[in-house]
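What follows is a single structure, written as structure tokens, with notes after it.
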Amino acid sequence: MSKKTSIARIRNIGIIAHIDAGKTTVTERVLYYTGRSHKIGEVHDGEAVMDWMVDEQERGITITSAVTACRWNNLEIQIIDTPGHVDFTIEVERSLRVLDGVVGVFCAVGGVEPQSETVWRQADKYLVPKLAFINKMDRVGANFLGTIEMMKNKLSAKPLIIQLPVGEEENFEGVIDLITMKQIYWDDETLGAEFTVSDISKDNLEKARDYREKLIETLSDADDDIMEAYLAEEEIDDKQIVEAVRKATISLKLVPILCGSALKNKGIQPLLDAVTSFLPSPADVPPMTGIHPETEEKIECESKDSAPLAALIFKVSMIEGRKLSFVRVYSGKLKAGSSVFNPLRETSEKLARILRMHANKRERIKEAGAGSIVGVVGLKKSSTGETLCESDNPVLLEEMDFYEPVISVAVEPKSHSDQEKLDVVLEKYVAEDPTLRVKQDEDTGQTILSGMGELHLEVIISRMLREFKTSVNVGKPQVVYREAIEKEAAATAVFDREVAGQQHFGGVSIKLAPLERGTGNRFINKAPEESIPEQFIPAIEKGIMESFESGSLMGYPVADVEAVLTGVSFKESLGTELAFSVSASMACKEALSKGSPYLLEPIMAAEVFVPELFMGDVIGDLNARGGKIESLVAKTGVQVIKAVVPLSKMFGYSTSLRSASQGRGTFSMQFSHFDRS
């Protein structure tokens, strides 16, 4: 097999969806039918292969993205099973960054739920081709066409129906393949491993013909060859359709739609066929582009083993206290025992071992070529979002965006031995999770842990005890506020002091002005050029930006402020970077306190799913929490209330919702924006 063919035989896919749509159940079936595992692990039994962490098994949710590989139709499929809970969105974001295709799993009853919308948008952001699998077709309230309609409205997707369900709800029996025009039934005795392909029954034939016609019509809009054949009324064979669907999927024009019931073992093999037929190999997607770290010229990283190395660390995991880095190789080869270069840190690192991953099991391999997703042991300094390359061919791949935390808790060690471990343990978790922040409160001496939500922090604290035997007392969750100023303010400060036997002098005048919400902070130099040497300007900017990290009101970070340097005092031979940095910081602090500072609090976008019977109580409760109801939408059996609510009022909301709806209400929320509290 030539190198090119081997890359063409790889599929890097992710499985994305809202919590509880059945992602992990789908992945378990995939592993079983491809022979990767010999028994089907169920999420509700805590036995799913991909949910290997104790916290995942206890809670029945996916927390960390797990990587595995299996073979189907003589192709290698590398799969990442991602979390669906909004607190772990970063896990999805960094997985999508390195994938070539995704399977979006939708619940046929719930349709397009809030988190599936979020992850779909993330896939759009990284231009990842998609397939959709409408799961749970056997459930009461399942609505195949209703879910497709929601995909059009909510996701702006262009669905291409390539399968129809045979029956719905308890009558769901199998699927009709509109490309081959065959009906497929699964055998319950063999747990769906065996299935029967037959001609379409008379009852379904007319409907299937109509939908095949629609399939070709939709395809003709996206493919000129099909359009010509369709207009000329020529016969279009299955092979032409498969090629056209593949082209339209890879070019992001269409999303093929399949259906089934993963829990009842129906529909998974055609989904695997669709993954291998329609989703791209690393050779089919445009080459990853990076920049030269010094010249900043664009560099294309071709998907070839013979090209210079370009690989991205998309996740770092602490397993049994050891650092395991997950790496996607875009071009070139990683070899065990060799040295790689990290251009961001300008350092070389040695690859001790390369591992092919199967959830938490690992298999050592000597090398990994272009298109591979592998685990690497031995990287000491490199972290998430950083590039590995060759020192004589440096390239910097686009870094990842990370979200700002919105909730904090104070943690303090329970015993002296815990105190010694705490800092080391937290350092490991921060290296693993870029959305987790740790800082010391200077006034109380407490350690403050900040994250994406209550569940996020709960899981970290639970893991500290399980994995490192570190016990902590946890304070009540606190909201991470921001500070802003209401009006313009100016201040001048001079630093004139002897430090370590050297005289330092620098004076700075600045003016602060409020900016529009969400603009961020910025620095502008308007000081007369002749008044200060250019080399001291970065020190002044650094002093101002550092003072923005802690506001004058309550010490929260300052947001949306413009700092303008209006003048400086400079004395030849006494001017130093230290003097200008400190005087800039002093002037900034003074101006912040003069600018009528006020607090900004995180506002969350919440979606509450509740039966109509309890709507009044739930809306009343949201109003009492300072929430603004934005819309009410009726869905099968439930009402969906969309609201924006201050995070500070949402602590313990799940308990209130359960009691107000007799345990039948559910909700999800995610950060929307900061606003005046």
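- Between the Glu363 side chain and the Arg356 main chain, no donor and acceptor come within less than 3.5 Å of each other.
- Remark: Glu346 CD is loosely packed, at most 12 non-hydrogen atoms of other residues, nucleotides or ligands lying under 6.0 Å away.
- Looking at Gln240, its side chain does come within 3.5 Å of a backbone N or O of Asp237 through a donor-acceptor pair.
- Proximity of a side-chain donor or acceptor of Arg212 to a complementary backbone N or O of Ile179 within less than 3.5 Å is detected.
- Residues Val30 and Cys70 come closest through the heavy atom pair CG1-SG, 4.0 Å.
- One N or O on the side chain of Glu349 and one on the backbone of Lys381 form a donor-acceptor pair closer than 3.5 Å.
- Proximity of a side-chain donor or acceptor of Asn12 to a complementary backbone N or O of Leu99 within less than 3.5 Å is not detected.
- Salt-bridge check for Lys247 with Asp224: failed, with every basic side-chain N at 4.0 Å or more from each acidic carboxylate O.
- Of the candidates Leu396, Val395, Asn342, Val395 is the only one forming a side-chain contact (heavy atoms from CB on, under 4.5 Å) with Cys389.
- With a 6.0 Å radius and a threshold of 12 heavy atoms from other residues, nucleotides or ligands, Arg364 has its CZ atom at or below the threshold.
- With respect to the salt-bridge test (charged N to carboxylate O, under 4.0 angstrom), the residues Glu149 and Lys152 qualify.
- A distance-only check finds no donor-acceptor pair linking the side chain of Glu297 to the backbone of His292 [under 3.5 Å].
- The side-chain tip of Lys264 does not point at the ring of Trp186 from less than 6.0 angstrom away and within 45° of straight on.
- Counting only distance, with no hydrogens or angles, the side chain of Asp284 and the backbone of Ser281 share a donor-acceptor pair below 3.5 Å.
- With hydrogens and angles ignored, the 3.5 Å screen pairs no side-chain donor or acceptor of Arg29 with any backbone N or O of Asn265.
- Salt-bridge check for Lys158 with Asp221: failed, with every basic side-chain N at 4.0 Å or more from each acidic carboxylate O.
- A distance-only check finds no donor-acceptor pair linking the side chain of Thr218 to the backbone of Leu160 [under 3.5 Å].
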